Amino acid sequence: MNNASAKIEYQTIREESRGATAEVTRHSVAALKLFFGIPKTLQVVGKDNDTYKGQLEKFWERFLGITTEEGTLTIKLIEGRFFVNESLCKITRKTPALDEGIARWQELGIGGIEIRYAPESDILARFFEALTKTTSANTVGTLDTETAIEQLRKLLLDNDVYGLRVFSSDEVAKDSNPIEQRRLQMRRQARTVFFKSLRALNETTSNTFSGRETQLRETSNVVRSMVDQVIEDDSALIEMTAIKDFDDYTFAHSVNVCIYSLSIGVRLNFDRNRLSQLGFAALFHDIGKVKLPAEVVKKPGIFTESDWVHMRNHPTIGAKSLLTTFAIDSQMIRAALVAFEHHINLDNTGYPKRTKDRELNLFTRIITVADTFDALTSGRIYITDPIPPVEVLRKMMYRMRNKFDHLILKIFINNVGLFPAGSLTLLSNSQIAIVEKNNPKTPAAPVVRVIGDKFGLKDTVTIVDLSSPENSGITIKRFLDPKETNIDVKRYIYQDIPLAN
Ligand SMILES: [Fe+2]
Ligand SMILES: [Fe+2]
């Protein structure tokens, strides 16, 4: 396995999903706190004070951090919650300045602000001064909100504050579709957590490879973020698993198995702690492959007997490697058990060789379903061509029926649907669509994003719920292989194409 090239590939793809980085989130919260702290300081100490100037400078740095990535900084206040560049800003610890800021905006009727890249820093200073003047003018609530906003806008104009717009709360409310904002936010989060877990896994397994002690904090954090997201809605993460053309698929496979396993765990009502343990075990189920010869792991064709000798060793190597490299706790023991058992089928066929039959652990039964589904749909392991998901599910249900726990398999099928999120499909009305979300009650009729038709691809997408009565005439005709159609599915998964009006 070539870790250096894998790293570069992940970084490149990560850059494709701009705006989804953890750094941006960190900048957002810090920027928000500073943004609302500055007027408070200004009111108390005046504009020549060093503390005020220092805060202004710090905000400027954060502002640049965000706008060099995204072009603008928008802060919106919707129903008491802040959205920075349309993403909900989760603030774990509110500051008094933030509370006062919310109150001030509500008094003045401000719903949002947009600052474009990149006015000079003194424009921001003039904005804060104008805001403070308007606030003072309104201290006894003498201005109605319409007048207050107008007064602020006039002050901004008079003071040459350009590149900056103030929205009233009515304008923000009219303009905001919270459901759409949440959808986009979940998609951004899914990209962030997916690529973060690839990196964490890459780093942790690299250390394992050289036998060094490793801190697993980053991996555990990433699994916890995945758990949070899967509990709310797993479709954006499942959509990420649709990309199968990584040069080195080993890590992406493990992340995919983790996502599928967590989505089963949620349906089994596992609590957060159990879900984290399940996700952790899934992420490391194939860790033994790191010590196999790369040419065997990455071999695209049929295995020879000698390849199989190597391959059959990876569960034992994996279990040993987990138990000898990391500190042993209950999470690690479960992960080692899964690594050892994940190629043993429910009917006790499979490998490694055992002296007697064993009853498989529940985690193993979940991870085996996820593992087989991803291996067969990606076509990387043991076979040469990927099989469409619907056929894989059929094969797992019937031809391979003795190998899996049927209840778990049914839960999985119910959850991912016959056309999992991210599948490229042809609709009966000749439109081309990417599946956005499964409808568990109608697994053949998911929610899709229509991206084009027989005349070509469009610049915008339309979301169509195939299960709703008004779309009853439209069905999915078939799964399309992205390679055959020459459609860059990644573009539609790693980016947010605007909705058609
Ligand atoms: Fe494996
Ligand atoms: Fe695997």
Side-chain angles (χ1 to χ4, degrees), residues 1 6 194 197-198 201-202 204-205 208-209 219 223 226 238 240-244 246 248-265 278-300 302-303 307-323 334-346 348-354 358 360-361 363-384 386-387 389 392 395-396 400 403-405 408-409 412 416:
M1 183 182 311
F194 185 88
S197 49
L198 280 184
L201 190 59
N202 189 358
T204 318
T205 48
T208 311
F209 187 63
T219 316
V223 172
M226 249 193 254
I238 289 182
M240 292 298 291
T241 69
I243 303 298
K244 309 284 187 189
F246 289 85
D248 185 339
Y249 193 65
T250 317
F251 297 134
H253 164 70
S254 297
V255 174
N256 292 353
V257 172
C258 177
I259 293 169
Y260 296 140
S261 302
L262 288 178
S263 75
I264 298 171
L278 174 68
F280 188 87
L283 218 44
F284 288 106
H285 78 280
D286 264 340
I287 196 171
K289 283 191 183 168
V290 175
K291 292 192 177 176
L292 296 187
E295 59 278 14
V296 174
V297 178
K298 293 171 88 173
K299 187 168 184 171
I302 305 288
F303 277 6
D307 295 334
W308 272 114
V309 170
H310 281 299
M311 192 47 85
R312 286 193 196 106
N313 277 335
H314 84 268
T316 319
I317 296 174
K320 268 190 199 158
S321 140
L322 285 171
L323 293 175
R334 277 169 169 267
L337 195 61
V338 167
F340 180 75
E341 289 183 343
H342 78 280
H343 285 285
I344 303 175
N345 303 313
L346 200 71
N348 263 287
T349 56
Y351 58 90
K353 274 207 169 73
R354 288 94 50 213
R358 57 191 291 138
L360 299 177
N361 173 297
F363 277 20
T364 305
R365 284 183 272 147
I366 294 170
I367 289 169
T368 309
V369 167
D371 186 29
T372 309
F373 178 76
D374 192 67
L376 293 176
T377 48
S378 68
R380 291 300 168 118
I381 307 164
Y382 320 132
I383 52 167
T384 47
I387 309 174
V392 168
K395 188 176 161 129
M396 289 172 75
M400 300 169 85
K403 295 183 188 298
F404 307 108
D405 180 320
I408 289 170
L409 183 56
F412 179 66
V416 300

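Whatever order the structure lists ligands and atoms in, that order sets their numbers, starting from 1. Keep in mind that this is a model prediction, so the values were computed, not measured.
The Fe ion (ligand 1) is closest to atom NE2 of His342 (considering only N, O or S atoms). For His253, the N/O/S atom at the shortest distance from the Fe ion (ligand 2) is named NE2. Its N, O or S atom nearest to the Fe ion (ligand 2) is what matters here, and for Asp286 that atom is OD2.
Atom OG in Ser261 sits 8.5 Å away from atom CZ in Phe412 (nearest 0.5 Å). For the atom pair Leu337 CG and Arg358 CZ, the distance stands at 6.0 Å (nearest 0.5 Å).
Contact annotation: Asp371 places no N, O or S atom under 2.8 Å from the Fe ion (ligand 1). The Fe ion (ligand 1) has no N, O or S atom of His285 under 2.8 Å away, backbone or side chain.
One finds an angle of 90° at the Fe ion (ligand 1) between NE2 on His343 and NE2 on His314, to the nearest 10 degrees.
Aromatic ring pairs are classed by plane angle as parallel below 30°, tilted from 30° to 60° and perpendicular above 60°; the pair His342 and His285 is perpendicular.
Checked against Thr205 for a side-chain contact (heavy atoms from CB on, under 4.5 Å), the options Ile287, Thr219, Thr250 give a single hit: Ile287.
Asp374 and Tyr249 share a side-chain donor-acceptor pair at under 3.5 Å.
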